[in-house]
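Convention: sequence-line order gives letters A, B, ...; per-chain numbering from 1.
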2 protein chains.
Amino acid sequence: MTEINDVASLIIQISLMHAKQSAAASPTSIVFTGATAPVASLGANKATHLRLQALTRYVGARSGDSRVTDNSASQVVLVVDGAVKLIASASAGRTQVMGFYFKDDFIYVPARETHAYNLCALKDCELVAFPATEFIRLAQSDKTLNNNFLSHLLRALSRCREKSLALGQKTARERVATFLVSMAERIGAPFSNGALLDLPMSRRDIGDNIGLTIETVSRQMTELRNAGLVSTSGRSQVKILDLAALKQEAGHLSGLS
Amino acid sequence: MTEINDVASLIIQISLMHAKQSAAASPTSIVFTGATAPVASLGANKATHLRLQALTRYVGARSGDSRVTDNSASQVVLVVDGAVKLIASASAGRTQVMGFYFKDDFIYVPARETHAYNLCALKDCELVAFPATEFIRLAQSDKTLNNNFLSHLLRALSRCREKSLALGQKTARERVATFLVSMAERIGAPFSNGALLDLPMSRRDIGDNIGLTIETVSRQMTELRNAGLVSTSGRSQVKILDLAALKQEAGHLSGLS
DNA sequence: CGGGAGTTTGACCTGCATCAATGGCAGTGG
DNA sequence: CCACTGCCATTGATGCAGGTCAAACTCCCG
């Protein structure tokens, strides 16, 4: 799979001019801090730049903001900085957190259909949103952009399937372990034979993500702590002490490459 | 989203020559019966045809066959005819049915990773498989093929997210109703204000798909029958008597287009 | 140094899994 | 064509993982 980060850099740069003024209008005065890597490294052609620029819709969101994007049409969103969650709503106010997304992640946010999808900010964010149909049309004329988008979709599908497996088959203990392993891989700082995590989401968000209640999440965290697999400090700091053991706990298949 | 069926027709036709001899070698002597719509209607260019043809790997599978495709590398599979299930395995022999696929469906089957994925035939099948990386490379030089593949991925992601929502939030009753609604939309024959279904999968498959045991699936089917929403005959025939009511039961958001 | 939201812990309950037995469909051989 | 047979589905009885309800605690912010 090729690099998504490159596309992020491209889009950040393309968005800069647009963003600056929008940012000023935003209540929080968030400004872009993204890197401005040379576009040339991407291999994208000039036409792509100009047309992407025309599509760009900058979104600055404050922590806790929900319905960050318009959901009357499908959107492709890039997280420039911050952290967001994608939530789906069923009837009776139940919500499922479909996923968490961080710096340089792409998100495909479908239009409201049998269930409603919304993007919510977990902390102050800088996002760039594109109408999906136009983004896709544009990607078709630029191989690199298309390739990156495809990679993203395949990865998103893969992650979603992993989650389905977890939700359908795994116990509470395994789900929490799986969640921690996944977070370690995505936003963990390497640490001894484990990782150091600073989770931006609440216990409720975690529970809604892995299909458990906050109480059960909390209890499982306690058990993992008692088992010496993790240690915690404060609400969001989690130190994974033994990643291999945690993966075992997560019910992953062992003995592969 | 554009038509996937067209691509199916294309590939069927392209595969015909290849397939015929492979079919003869197959123990079941399955032969292609697919339509041979003119390739011109697809708008795919000639180079695409020739290269797709070179990639084509015909697979004839008998009902019950598992591990239909090689899982050492990711595959793109097209169901020419029949029905298959995509299963994922966690440790301890637990399996999750990630999805059911029917005529003209595309399937992206990832290589074995943290969990193993396998395709299993639910009835005698005619399939065409391509190595994913080469298929994608090829798709990049053909806009229509690329577009169709993208549509497929977006739909697959959408369905997978719906399943995550169901597995994470819904009750047994809602899950069974959701499953039936989904099947009605995909393989149901319209019938009064409902649909007629001939389910090719066992109760176990259904249970493994929606995260329930066979007993619970059976009990919920009975309850739905007692509630007058469906009627059944034999093991596989299900008649949905009131689709709207069943959707309500499925916990879908109401009051939308 | 309060105050309030988020978290942890405890007690209890429920929905679904598990275990067990019966019932019925489909494929086979007489 | 019908009886046999084995698998699959249904139904019932019971147990438990995780949900629910409730209370104490702790972090974080003003």
Just how far, in rounded Å, is [atom2] of [N] from [atom1] of [X]?
| X | N | atom1 | atom2 | answer |
| --- | --- | --- | --- | --- |
| B:L122 | D:dC8 | CG | P | 13 Å |
| B:I206 | D:dC8 | CD1 | P | 14 Å |
| B:L224 | D:dT10 | CG | C1' | 15 Å |
| B:Q220 | D:dA9 | CD | P | 16 Å |
| B:M221 | D:dT11 | CE | P | 11 Å |
| B:Q169 | C:dG15 | CD | P | 17 Å |
| B:K123 | C:dA26 | NZ | C1' | 17 Å |
| A:E174 | D:dA17 | CD | P | 13 Å |

Notebook entry, point to check: So does B:R204 have more than 12 non-hydrogen atoms from other groups sitting under 6.0 Å from CZ?
Noted result: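 Counting neighbours around CZ of B:R204, 12 or fewer heavy atoms of other residues, nucleotides or ligands fall under 6.0 Å, so no.
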Margin query: Pick the closest DNA chain C nucleotide for A:R204 and for A:R219 by heavy atoms, then say which residue is nearer the 5' end.
Written below: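 Checking each residue's closest nucleotide, the 5'-ward one belongs to A:R204.
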Margin query: So if I take every side-chain heavy atom of B:A172 and compare against C:dG10, C:dC16, D:dT11, which nucleotide ends up nearest?
Written below: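 Of the candidates, C:dC16 comes closest.
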Next item on the list: Please determine if B:E162 and B:K170 form a salt bridge, counting it only when a charged side-chain N lies under 4.0 Å from a carboxylate O.
Entry: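 Answer for the salt bridge query: no.
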Check: Are the charged groups of A:R186 and A:D105 less than 4.0 angstrom apart, N to O?
Finding: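 Answer for the salt bridge query: yes.
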Item checked: A:E174 side chain vs A:T171 backbone, donor-acceptor pair below 3.5 Å ->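 Checking the backbone N and O of A:T171 against the side chain of A:E174, a donor-acceptor pair under 3.5 Å is found.
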Checklist line | Student check: side-chain heavy atoms of A:K103 and A:I187 closer than 4.5 Å | finding: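 Contact flag for A:K103/A:I187 side chains = no.
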Check: Does any non-hydrogen side-chain atom of A:F179 lie less than 4.5 Å from one of A:I206?
Finding: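 Yes, close enough: below the 4.5 Å cut-off.
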Notebook entry, point to check: In residues 210-217 of chain A, which residues come under 4.0 Å of DNA chain D by heavy atom?
Noted result: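 Those residues whose heavy atoms fall under 4.0 Å from DNA chain D, taken from residues 210-217 of chain A in numerical order, are A:G211, A:L212, A:T213, A:E215, A:T216.
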Check: Counting only side-chain N and O atoms of A:T171, is one of them less than 4.0 Å from OP1 or OP2 of D:dA17?
Finding: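 So the side chain of A:T171 is outside the cut-off, no N or O lying under 4.0 Å from OP1 or OP2 of D:dA17.
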Note to self: Can you see if the side chain of B:R203 gets near the phosphate of D:dT10 - specifically, an N or O under 4.0 Å from OP1 or OP2?
What the structure shows: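 Yes, within the criterion.
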Note to self: Should the side chain of A:R225 and the base of C:dT9 be counted as holding a donor-acceptor pair, with the cut-off at 3.5 Å?
What the structure shows: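 There is none.
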Next item on the list: Examine the base of D:dG18 for any acceptor or donor lying under 3.5 Å from a partner atom in the side chain of A:R173, and report the outcome as yes or no.
Entry: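 There is none.
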Checklist line | Rounded distance [0.5 Å steps], CD in A:Q248 versus CG in A:L246 | finding: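 One finds 10.5 Å between CD of A:Q248 and CG of A:L246.
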Check: CZ of B:R203 to OG1 of B:T213: how many Å apart, nearest 0.5 Å?
Finding: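 Atom-to-atom, B:R203:CZ and B:T213:OG1 are 12.5 Å apart.
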Margin query: Here's a test of your reading of the structure: between A:R175 and B:M201, which maps to the more 5' nucleotide of DNA chain D?
Written below: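 Nearest nucleotide further toward 5': that of B:M201.
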Check: Picking from A:Q96, A:K163, A:K85, what satisfies side-chain hydrogen bond (donor to acceptor under 3.5 Å, both in side chains) with A:N209?
Finding: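 Exactly one candidate clears the test, A:K163.
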Next item on the list: Decide yes or no on side chain to side chain donor-acceptor pair (under 3.5 Å) for B:T232 and B:R225, but give the supporting numbers first.
Entry: CA-CA 8 Å; B:T232 61; B:R225 196 181 324 114; 3.2 Å; yes
Item checked: Summary of protein contacts for nucleotides 25-30 of chain D, nucleotide by nucleotide, where a base hit scores B, a sugar-phosphate-only hit scores S (4.0 Å, heavy atoms) -> -BB---
